[in-house]
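Okay, so here's the structure we're looking at.
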Amino acid sequence: MVIDVISLAVKLLRLGEVVVLPTETVYGLAASIKSGPALRKVFQIKGRPLLDPLIVHVLDYGWVPKWAHVDGLEERVKTLVDAFWPGPLTIVLQKKLAIPAIVTAGLDSVAIRCPAHEIFRKVLKAIKIPLAAPSANPFGCLSPTTAQHVKDSLGERVPLIVDGGQCNIGIESTILDMRASVPRILRPGAISASDIAQVIDAAVLDYSPVISSSAVPGQLKQHYSPNTRLVLVDAEKQLALLMNDPSREERAAFVYLKRPAECPYENDVFWLSDDGNNRVAARSLFSILQTLDRAGYDVIYCQKASPQGVGIAVNDRLTRAAAKFSS
Ligand code: TXA
Ligand code: MG
């Protein structure tokens, strides 16, 4: 009997296994929130500390009140999810007792998101249970945006990787804490503070690395790191200077924000987008870093995005990825 991949994923999840599923942001390592063994496997397989809470994925807003308190916030939450779900927005609410403590690392809040990728949605629709899913990479490493990235890093450790193509957004969801009267961005993503403020017609506290690192366990200064040394530069000109430095002995890759007009060392030159578009840069960021990390370079020099909209999220990931090399 031929069994389709969605049914197989659902079967494995029901048996207390983990499954890698595509989302529109990055690939996720999914477990049923009703399976203690599967949830423990998520932490083991990633090598992730139990102090780092997981995001709970739901099919639609209708699932939320069962797992989180929305009292007093319903109108605001509904307005938000009508605008952005399914999509790359995670909301943090007061958790209900039904959510196991391992999912939220013992916090009294829960992060909930409604993914847009059709494969993830089909699995949710069939299993009818929320799925906890962190990014499907070893803890602290680059996030995966293709099934091959997951195979290369977690490979044998997971029973099923469902290939849903390249992730369209390419960086993890925006996380918004909805519990305070002024909602606050805890992790920047493709949906910005101003996008949210416009929809709810109220102020939103933008992302601040200092506040966020104390408020969000797991939001580490150093994260998403390649093995190859990564050095960030602000402007295109600096890449040209490094490239033309006669004293440079290292084998270096140069990553521009947009395709450079002319360039003598074209074999080692890459770009995040053709025309400097931040959304395209976000989509290609992890993909390019994953490829270059396996290409035998001594160092990757990468230009930062322009700090608007999703460019803020791109620079957040780049800064954390470079942090382990700057101390
Ligand atoms: O786009 C995404 O959000 C992806 C895809 C797979 O859905 N998931 C993802 O999960 O990025 P992960 O585990 O790599 O990052 C989740 C982060 C945690 O590190 C933590 O900082 C934050 O979400 N988080 C989870 N629960 C939280 C909570 N109750 N309060 C505050 N932050 C929380
Ligand atoms: Mg992650």
Side-chain angles (χ1 to χ4, degrees), residues 18-31 33 39 42-43 45-58 67-69 84-96 99 101-117 119-121 123-124 130-145 149-150 153-154 162 164 167-180 183-191 207 209 211-225 282 286 313 316-317 320-321:
V18 295
V19 167
V20 174
L21 297 173
T23 87
E24 73 282 19
T25 56
V26 299
Y27 276 71
L29 178 62
I33 65 160
L39 292 167
V42 165
F43 287 91
I45 290 170
K46 278 184 64 90
R48 175 175 174 126
L50 287 164
L51 282 173
D52 193 352
L54 304 176
I55 293 176
V56 171
H57 297 65
V58 297
W67 306 100
H69 293 281
F84 297 116
W85 279 10
L89 176 70
T90 295
I91 55 173
V92 174
L93 294 165
Q94 193 75 20
K95 98 182 205 17
K96 285 196 172 169
I99 302 255
I102 186 172
V103 171
T104 58
L107 299 177
D108 59 4
S109 62
V110 59
I112 303 184
R113 130 166 166 82
C114 171
H117 199 291
I119 291 177
F120 206 121
R121 298 187 61 71
V123 173
L124 283 170
L131 298 175
S135 49
N137 52 289
F139 182 69
C141 297
L142 295 171
S143 296
T145 54
H149 295 156
V150 185
S153 62
L154 297 182
V162 183
C167 301
N168 188 35
I169 305 278
I171 52 170
E172 301 82 349
S173 59
T174 304
I175 302 182
L176 180 73
D177 191 346
M178 291 292 292
R179 292 170 303 159
R184 190 173 79 198
I185 304 272
L186 300 179
R187 177 175 72 183
I191 295 171
Y207 171 66
I211 295 173
S212 215
S213 59
S214 58
V216 186
Q219 284 287 313
L220 305 176
K221 183 173 160 251
Q222 182 182 315
H223 208 44
Y224 314 106
S225 302
F286 283 127
D316 165 68
R317 304 310 190 271
R320 288 174 212 240

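First listed ligand is number 1; within each ligand, the first listed atom is number 1.
- In this comparison of Pro115, Cys114, Ala190, Ala133, the heavy atom closest to atom 8 (N) of ligand 1 sits on Ala133.
- Each of the atoms 17 (C), 22 (C), 23 (O) of ligand 1 lies under 4.0 Å from some heavy atom of Ile175.
- Between Thr23 and ligand 1, a contact under 3.5 Å exists for no N or O pair.
- When the heavy atoms of Gly106, Ser135, Ala136 are ranked by distance to atom 9 (C) of ligand 1, first place goes to Ser135.
- Short contacts between ligand 1 and Arg48, defined as distances under 4.0 Å to a heavy atom of the residue, involve ligand atoms 12 (P), 13 (O), 14 (O), 18 (C), 19 (O).
- Annotation: His149 is not in aromatic contact with Tyr27 [ring centroid separation under 6.0 Å not met].
- Remark: ligand 1 atoms within the under-4.0 Å shell around heavy atoms of Gly28 are 6 (C).
- Note: Phe120 and His57 have parallel aromatic rings, judged against thresholds of 30 and 60 degrees for the angle between ring planes.
- For the ligand labelled ligand 1, residue Arg187 lies inside the 4.0 Å heavy-atom shell.
- Nearest approach of Thr25 to Ile171, heavy atoms of both residues: CB-O, 3.2 Å.
- Comparing Leu107, Asp52, Val26, Ile171 by heavy-atom distance to atom 19 (O) of ligand 1, the nearest is Asp52.
- Close N/O approach between His57 and ligand 1 is found [any backbone or side-chain N/O within under 3.5 Å].
- Shortest non-hydrogen contact noted between Tyr224 and Glu172 is CE2-OE2, 3.0 Å.
- By the 3.5 Å distance cut-off applied to N or O atoms, Ser109 is counted among the residues near ligand 1.
- Here the Mg ion (ligand 2) has protein N, O or S atoms under 2.8 Å from it, and they come to 1.
- The shortest N or O to N or O distance between Ser173 and ligand 1 is under 3.5 Å.
- Side chain of Thr174 to main chain of Ile191: a donor-acceptor pair is present (N/O by atom type, distance under 3.5 Å, no hydrogens or angles).
- Of all heavy-atom pairs between Ala190 and Pro88, the closest is CB-CG, 4.2 Å.
- Some N or O of Thr25 is nearer than 3.5 Å to an N or O of ligand 1, by distance alone.
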Original post:
How far apart are the C-alpha atoms of Lys46 and Asp52, what are their side-chain angles, what is the distance that settles it, and do they pass the salt bridge (Lys or Arg N to Asp or Glu O under 4.0 Å) test?
Top reply: CA-CA 11 Å; Lys46 278 184 64 90; Asp52 193 352; over 6 Å; no
